[in-house]
Amino acid sequence: MCANRKYFVSLSEPRQDTPKSVTVADGKRAVVKGVGSCKFSCVGGGGDEKQISLSEVLFVPELDMNLVSVGRLVQKGARVIFDKNGCTIANGDRIAAVAPSSKGLYYLQMVERANAVSGQCHAKDCIHEWHRKLGHREPQAILDLDRKGLATGIKRKSDTVDAIRDFVRLVKTQFGRPPKIIRSDQGGEYRSAELVKFLKQEGIQQQFTTAYTPQQNGVAERKNRSLVEMARYMIIESRSHYRY
């Protein structure tokens, strides 16, 4: 059963022998809107991309997730193997897909392409390239960061003072006043005498978070979560092996 129309390569109205509805986990019944064939990409046993085709798939838009029937796979001649690491679906000697387990469920490792335009090449350093480099951020957000000069990088921790000086100048120019407070962790690059002196001269209060208290780093902790999610997107987009 599939809830996403984009996976269908063919879809028709339900036939007379097609169930009119299906019962979901909470006991409610979800209406079957159609039946057809689906095609999608999964991660195979060697981490390579495998094209999977399924027939007689029910289109049920009300589902929260797509579901694959083990019984129907076996009827079609596939071998489905469950072990402590998850589930492996094989067609003969070829591993067609893998599904690691999580909280009692098995999730197929799907391959989603960030550049969904088939056969289209992009220039070096174009927006699509930076879309991938920045963890699949929205293209408009990337353009905003670049246009406003709000994103920069440093090669060495010793560059921190110059980076903060540049940031303070930018804020003054853009908003007509310097920042009131700069909060950071207690890294040595933020406690240098040069930086402390500069912030005092500018009348900027320097605050340090307490070690091992992530509650004080709400924005930073949310950013850490975003970085983990971005890394997962990049692993999927690069078609790396699921063990990573």
Side-chain angles (χ1 to χ4, degrees), residues 1-83 85-92 94-120 128 131-132 135-140 229-230 232-242:
M1 295 181 288
C2 182
N4 197 328
R5 178 65 178 81
K6 74 175 185 178
Y7 291 123
F8 283 89
V9 293
S10 65
L11 183 63
S12 59
E13 295 294 323
R15 302 188 299 267
Q16 290 186 351
D17 59 344
T18 302
K20 303 300 181 184
S21 62
V22 294
T23 303
V24 294
D26 60 1
K28 296 181 181 179
R29 300 192 69 81
V31 178
V32 177
K33 297 289 187 178
V35 61
S37 299
C38 288
K39 189 173 183 179
F40 51 90
S41 298
C42 283
V43 176
D48 52 337
E49 180 179 344
K50 300 289 186 181
Q51 292 289 329
I52 305 297
S53 297
L54 297 178
S55 59
E56 302 295 317
V57 179
L58 302 181
F59 179 41
V60 188
E62 297 177 56
L63 292 178
D64 292 330
M65 62 179 66
N66 304 319
L67 300 173
V68 177
S69 169
V70 174
R72 293 300 297 272
L73 290 177
V74 173
Q75 289 178 9
K76 295 288 185 178
R79 290 188 299 112
V80 183
I81 305 168
F82 293 90
D83 57 30
N85 296 319
C87 172
T88 300
I89 301 173
N91 184 10
R94 182 178 69 93
I95 296 179
V98 293
S101 62
S102 176
K103 298 180 180 179
L105 298 176
Y106 297 86
Y107 294 89
L108 283 175
Q109 291 290 292
M110 305 287 288
V111 175
E112 296 287 352
R113 292 184 180 276
N115 253 348
V117 184
S118 178
Q120 179 174 342
H128 303 88
H131 174 69
R132 294 194 295 271
H136 295 240
R137 290 295 307 274
E138 306 88 345
Q140 187 58 48
E229 293 171 349
M230 288 160 63
R232 288 172 178 161
Y233 295 148
M234 287 188 282
I235 289 173
I236 293 172
E237 195 274 337
S238 64
R239 290 175 285 174
S240 297
H241 193 278
Y242 73 92

J.: Could you pull out the closest heavy-atom pair between V80 and C87, with the gap in Å?
T.: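 Closest approach of V80 to C87: CG1-SG, 3.5 Å.
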J.: Mind checking the CZ-CD1 spacing from R79 to I95? Nearest 0.5 Å is all I need.
T.: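 Rounded to the nearest 0.5 Å, the CZ-CD1 separation comes to 8.5 Å.
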J.: Can you tell me how far apart CD1 (I89) and CG (L108) are? Round to the nearest 0.5 Å.
T.: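 The CG atom of L108 is 5.0 Å from CD1 of I89, to the nearest 0.5 Å.
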J.: Could you pull out the closest heavy-atom pair between F8 and V57, with the gap in Å?
T.: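 Smallest heavy-atom distance, with atoms named: CE2-O, 3.7 Å.
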J.: Restricting to non-hydrogen atoms, name the atom on L11 and the atom on G34 that form the minimum distance, rounded to 0.1 Å.
T.: CD1-C, 3.9 Å
J.: Checking S12 side chain against V35 main chain: does a donor-acceptor pair fall under 3.5 Å?
T.: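 Looks like yes, one N/O pair under 3.5 Å.
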J.: Return the OG to CD distance between S69 and Q75, rounded to the nearest 0.5 Å.
T.: 7.0 Å
J.: Working to the nearest 0.5 Å, report the span between OH of Y107 and CG of N66.
T.: 12.0 Å
J.: Ignoring hydrogens and geometry, is there a side-chain-to-backbone donor-acceptor pair from Q51 to K39 under 3.5 Å?
T.: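 Not at all, since once roles are kept as given, no pair shorter than 3.5 Å links the two residues.
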J.: How close do A99 and Y106 get, heavy atom to heavy atom, and via which atoms?
T.: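 Taking A99 first and Y106 second, the nearest heavy atoms are O-CD2, 3.5 Å.
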J.: Might you point out which heavy atoms bring R72 and E56 nearest each other, and give the distance in Å?
T.: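 Result for this residue pair: NH2-CB, 3.8 Å.
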J.: For N91 and A78, indicate whether the former's side chain and the latter's backbone hold a donor-acceptor pair under 3.5 Å.
T.: no
J.: How long is the gap from CZ on R5 to SG on C38, to the nearest 0.5 Å?
T.: 9.0 Å
J.: Roughly how far, to the nearest 0.5 Å, is CG of L54 from NZ of K76?
T.: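 Reported value, rounded in 0.5 Å steps: 9.5 Å.
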